[in-house]
Amino acid sequence: MNYEAHRVSDEEMYFFDLRGYLVIPNVLSQAEIAELNGILDANMDRARHFDAGRLAGGAKALSGSSSRVELTGMLGWEPKYREAFRKLLVHPFVVSRLNEFSGKGFRLDHGPLMIQSKKGAEGHRFHGGGEPFSQATWYHQQNGKIYCRGITVAWQLSDCGPGDGGFAIVPGSHKLAEPTPDEVRTYEDDMGLVEQVEMKAGDLLFFAETATHGTLPWTADHDRRSILYKYASRAAARAVGKHFTPQERYGEWVNELSPEQQAVLYGPGVHHGGRLPILDSDGDKVWIEGAASAPTKKAKKTKKVKKSKKVKKPKKVKKAKKMKKVKKTAKKVKKTAKKAKKAKKVKKPARKVKKAAKKTAKKAKKAKKARR
Amino acid sequence: MDARERYFWDLNGHLVVRNVLDQDEIDEVNEALKIAIEGVRERQRSGARGSEALHGSSARWYRGDNLLGLPHPHGVPFRKLLAHPQVISRLRVMCGRGFRLDHGPQFNNAVKDTEGLTMHGAGAPHRDMVAYKHQGGETYCGGVTVTWNLTDHPGNGTGGFAAVPGSHKSDFPMPEGVRDATDHVGSIINPEIRAGDVLFFADGAQTHGTLPWKNDWDRRSILMKYASRTSTRQDVARCVAPEVYWDDPIVQEMSAEERAVMFGPCSAPGREDMYLTVEENGAVRLEHPESAQRAT
């Protein structure tokens, strides 16, 4: 396939729509790869280190002896460091593809994030999938156009060969309407669906956030390293950014509103770190989930209760009903026995008649003999 | 929302809930609106856009302070509507948990012979921030407008809210005869809505507009524009600039092209400094380079 910086080929559109991801090879030159790696090496003191288990989430097949290392904030580093990452932010291959996949006016939602893993590092439990539906990352295709609300662009700074581990995806899962089995998410039994994507340093990966994706434990001798930029369509938001609270958005007068009224005045986004109060209502009252004023769990009808309209009868009533049944059955048996007895009596006369008839015939024969 | 309401909503893209406000509550809002009436102005640009079926006198829109922020006690009636139980319970189903007020409230006012507004919004072309989706027994609507009706709206051709039922699911572009209501083969309805009723409609997904107001009394409604948690429908005035959205060092001294992808989320149809293109030689530039100078 021939890849051009300024436009997306029909083949690329086909493969991205079909599989939910696309790799464009050799976007970065060796010099660019070296520059980026050099800058990152010089700033590893800013990196965050985590304990193993954070990403595998209990999945034995994805566990490892360490976790990945992360770096953020690169766009705001000192000028001598930040420019290389700002260049990637609006790289021509990124702009042309995102204009098609997410629509013109796409935006950076959060990131960039550098991830780095040593040999033996854990994988990342598989997440995403078309069901349950996520409006934040919805993938839609209509009339020949793609609308991908959440898309990640990952610059590869090291090779990912066959069996090395690293980024993996369930191709086509961005269009799922059925839930993903847990054993696929934990990689215990992926039904042969998970694909570890092979890439070389300098390649550029695009994947739909809503596709089921994760990473496999890193087994290569060299470190895995990539930089992830998380984009969104123009009017979509996952991260909340600044200007999120009602006070920031409307002004201090909102403090006169009740907590429930304020709850609908927050900005968009789901990565709010629990700062967002969520409203609920039964049509008569409004409350904030988890607040003291929220109704207790007993009062709230659950789907299970709604489904089974039959109310469970208490044991005593059940026993009494059973006894009633038993008595009824016994009565029936008695009635049947009586009937059977009556039937037997009715049968006797018939036999008697037969016997009598035999007797009479015998008598008649004897009488005839006597007359001779 | 019970099964009947879910059915109606999914089928049509709108829903009228009867008798939500009693007469006292209607009077309370109308009293508070006396201040807002002073802020009503005739719209400069015609909403009928030359349509013979929609023409009339200039539309009347409120252009004052946010009604929610009016000095006490004038803002109180509108605040009560903002998180009304009958609205919250339905928006949780229509938009999902964590829905938000995107913009508004908006006060719509019409007098006899006020013009209509051309039909707008549709399932195609797809607009992801307001689109309607049904999956797994649940509905997901990016944008829902809740309209509180303070006067009777007899409908049936006498004016006010009009819609094309089912259009929130259309996959074909809207014909011109529907847009200007001159040739819509009966697809446009003008439902009856009474004072105190609440109208919900899939704004942006369902094709809707207004017909010229023919009644002797004013049309008065308060529109609250809600969105799902991760969608924005904001107009350009409320699109958050990069310098406000991100910490200073992140966007400091960014080029116009870099800055273009750093705005907060918004539908921003009129803002040009957010759109990038790639030239044949691989250079990235703003689609409208002059917009960068205007922005500075």
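Sequence lines set the chain letters: A, B, ... in the order given, protein chains first and strands last, and positions in each chain run from 1.
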Name the region of [X], side chain, backbone, both or neither, that has any atom closer than 4.5 Å to a heavy atom of chain B.
| X | value |
| --- | --- |
| A:Lys285 | backbone |
| A:Gln142 | side chain |
| A:Glu78 | neither |
| A:His110 | backbone |
| A:Phe93 | neither |
| A:Leu276 | side chain |
| A:Ser96 | both |
| A:Val254 | neither |
| A:Tyr147 | side chain |
| A:Asn143 | side chain |
| A:Arg7 | neither |

Sequence-distant partners of B:Phe107, ring pair (Phe, Tyr, Trp, His ring centres under 6.0 Å), two or more places apart |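 For B:Phe107, no residue satisfies ring pair (Phe, Tyr, Trp, His ring centres under 6.0 Å) once neighbours in sequence are set aside.
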
With distance as the sole criterion, is a donor-acceptor pair present between the side chains of B:Arg79 and A:Ser258 under 3.5 Å?
->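 No, A:Ser258 and B:Arg79 have no side-chain donor paired with an acceptor closer than 3.5 Å.
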
Salt bridge between A:Glu209 and A:Lys230, side-chain N to carboxylate O under 4.0 Å?
->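 Looking at A:Lys230 together with A:Glu209, the answer is yes, because their closest N to O distance falls below 4.0 Å.
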
